[in-house]
*Asks:* 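So that we are looking at the same thing, I have put the structure below in structure tokens.
Counting starts at 1 for both ligands and their atoms, in listed order. Just so it is clear, the values below take in all heavy atoms, side chains as well, and ignore hydrogens, waters and symmetry mates.
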Amino acid sequence: MSDVVAIKDQVEAAVRAALSEVLPAELAGADPVVRRSDRADFQANGTLAVARKAGRAPRDIGADVAVRLHGFAAEVSGPGFLNVTVPDAAVWSAVAARLADPRLGLAAPHDGERVVVDYSAPNVAKEMHVGHLRSSVIGDALVRVLGHLGARVTRQNHIGDWGTQFGMLIQYLEEHPEVSWKGQGAETMSALDSLYKAARAAFEADPAFADRSRARVVALQSGDDATLTVWRDLVAESEKAFETVYRRLGVLLDGGDFDGESRYNDALPGVVADLLASGVATESDGAVVTFTDGVTGPDGDPVPLIVRKKDGGFGYAATDLATIRLRVEHYRADRILYVVDARQSLHFRMVFDTARRAGWLPAAVDAEHVPFGTVLGTDGRPFKTRSGRTVRLADLLDDAEAAVRTVLAGRSHGFTDAELDAVVRAAAIAAIKYADLSTTRTRDYVFDVEQMVATTGDTGVYLQYAHARVRSILRRAGATAVGHVDTTLPLHEAEKALALTLDGFEATLRDVAGTLEPHRLCGYLYDLATAFTRFYDACPVLGADDPAVRTNRLALCDLTGRTLATGLDLLGIPAPERM
Ligand code: ARG
């Protein structure tokens, strides 16, 4: 592994060094504000702000910096910013260095940081809905990016596996031994979902059944063996079904990541007792609650976070407070992410505030709610089936696969049936995940299969095509295609634009890790594919006359292909060799 210092970082360091030579000591650390630019390779705008502070004309400072800049050519422009040009040899050297490293020269800026990511979190005996899909897809991309930058990531799937609803489920099963729900493979979740609906209907229609269900809740909570056995079965079968979905979708979550609400049962009385003892929580009307400064309802009254209900039962909030204690004490997290839909923002704000005041969340530990918007149907309303049911994830994948098949049927691809199936599966995953990830996280988006599987435009399938096209060029060039990069060759303008885009990969990943916004990586990969197309249109690769030119261009192809494949992988999207 050898880290390559990105060209942009080199430029930044050089401008910073030159600035510190011309500025008074107290201004020397100033940010040079380096950006890519249309008019030069990079533009440094930092001279403007700093000149004002130093009481000098910006153009003067710019000129002073330009003559002291090492390694790069610079010119003062406009009111006094710098246009910086990178020498061709430096660009080729960076390409060669990245290609020589299996990690493409990426540094690991999050090395050793411990991050816990809470995501997916569907509910036992209920069909996963599109909200869980978003959490799974976004959470997984964050897990991959943070891990790739060196963080030690713990995945936690906080499934809803506890609560009063199990009373009615178990009671219903007890009274209806004819209901079959177990061992139905992919259909288990639907069978459980129907069971849930039947039990709910009985609970609402029949007060006697409701009473027996409540007694069943007590039996469950007090550890009655027969009741616990059925509960365990329900949880285990649901977990199996969730894992089937994760595998099909290419989500990393597996059996070792389940962190159900039930795991925290024993910790809940302690949560309440400690909060009361420290005075963070108060008793109000029989319930135990906390308040957060500034959180008030429409009437102006403070909104309580209910930690223990009036009837003595513990709320969702108590469990989440317990998750924080475990994640800090046991997992030693430096950063805890909760990838949960935006409607739970207030919940997390209050939970984090309570945990801080209770001393469970030290100042050095970050806790972040990573909210996301709602998935809408093409009618602009929350996505439901025509009959108003939640849409099953398996059906979404089936729909996407069918749409991809139609698109591919119109192309001559020469695949065997088995190859075609594999490509269809990969493209369907790309279609669904990319549509989700490429939207600004907090915004709602429309689930539109036709648009998602398009092979042109900003889609995951388009990026897979771009990658496969690069791989096909390399295949046609032959096995020894990529050789020694000649750093003395002059760069074509389109080669330079591509190489400088490739150079921005690491900055993009850092940005995603900081903002927790995967759409920035999507945008980057789309720009990269576009820069590659421009390069390929302008610069013959296989047809280049000069063998050294051909080799250098193949190096650019290779680095583009590997960057696209790595980037897609970090989004959880496969990159087939052929499409
Ligand atoms: N099971 C919950 C739901 O379906 C999501 C749980 C999110 N995670 C958490 N730690 N609260 O809405």
*Asks:* Are any non-hydrogen side-chain atoms of His129 and Val375 less than 4.5 angstrom apart?
*Replies:* no
*Asks:* Out of Tyr316, Tyr338, Phe348, whose heavy atom is nearest to atom 6 (C) of ligand 1?
*Replies:* Tyr316
*Asks:* Quick one: does Glu261 get an N or O within less than 3.5 Å of an N or O on ligand 1?
*Replies:* no
*Asks:* Between Arg144 and Asp569, does at least one N-O distance fall below 4.0 Å, as a salt bridge requires?
*Replies:* yes
*Asks:* Atom CG of residue position Asp293 - does it have more than 12 heavy atoms of other residues, nucleotides or ligands inside 6.0 Å?
*Replies:* no
*Asks:* Around atom 2 (C) of ligand 1, find the nearest protein heavy atom and jot down its residue, atom name and distance.
*Replies:* Ala121 O, 3.7 Å
*Asks:* Not counting sequence neighbours, which residues clear side chain to side chain contact (heavy atoms under 4.5 Å, CB included) with Lys182? List them please.
*Replies:* Asp233, Glu237
*Asks:* Any N or O of His347 that comes nearer than 3.5 Å to an N or O of ligand 1?
*Replies:* no
*Asks:* Given His110 and Glu113, is the side-chain hydrogen bond (donor to acceptor under 3.5 Å, both in side chains) satisfied, shown in steps?
*Replies:* CA-CA 6 Å; His110 289 259; Glu113 184 180 298; 3.3 Å; yes
*Asks:* Can you tell me the protein heavy atom closest to atom 4 (O) of ligand 1 and the distance?
*Replies:* His132 NE2, 2.9 Å
*Asks:* After noting the C-alpha distance and the side-chain angles of Arg216 and Asp211, does the key distance pass the salt bridge (Lys or Arg N to Asp or Glu O under 4.0 Å) rule?
*Replies:* CA-CA 9 Å; Arg216 189 57 77 173; Asp211 282 342; over 6 Å; no
*Asks:* Within a distance under 4.0 Å of any heavy atom of Asp320, pick out the atoms of ligand 1 and give their elements.
*Replies:* 9 (C), 10 (N), 11 (N)
*Asks:* Describe, in one word, how the ring planes of His176 and Tyr172 are oriented to each other, choosing from parallel (under 30°), tilted (30 to 60°) and perpendicular (over 60°).
*Replies:* parallel
*Asks:* Quick one: look up the protein heavy atom nearest atom 8 (N) of ligand 1 and list residue, atom name and how far away it is.
*Replies:* Asp118 OD1, 3.3 Å
*Asks:* Any N or O on Ile159 sitting closer than 3.5 Å to an N or O of ligand 1?
*Replies:* no
*Asks:* Mind telling me whether Phe348 and Tyr338 have parallel, tilted or perpendicular rings, with 30° and 60° as the class edges?
*Replies:* tilted
*Asks:* Give the residue and atom name of whichever protein heavy atom lies nearest to atom 12 (O) of ligand 1, and the separation in Å to one decimal.
*Replies:* Gln344 NE2, 3.5 Å
*Asks:* When you look for heavy atoms under 4.0 Å from ligand 1, do you find them on the side chain of Thr319, its backbone, both, or neither?
*Replies:* neither
*Asks:* With atoms numbered from 1 as shown, which atoms in ligand 1 lie under 4.0 angstrom from a non-hydrogen atom of Val340?
*Replies:* 7 (C), 8 (N)
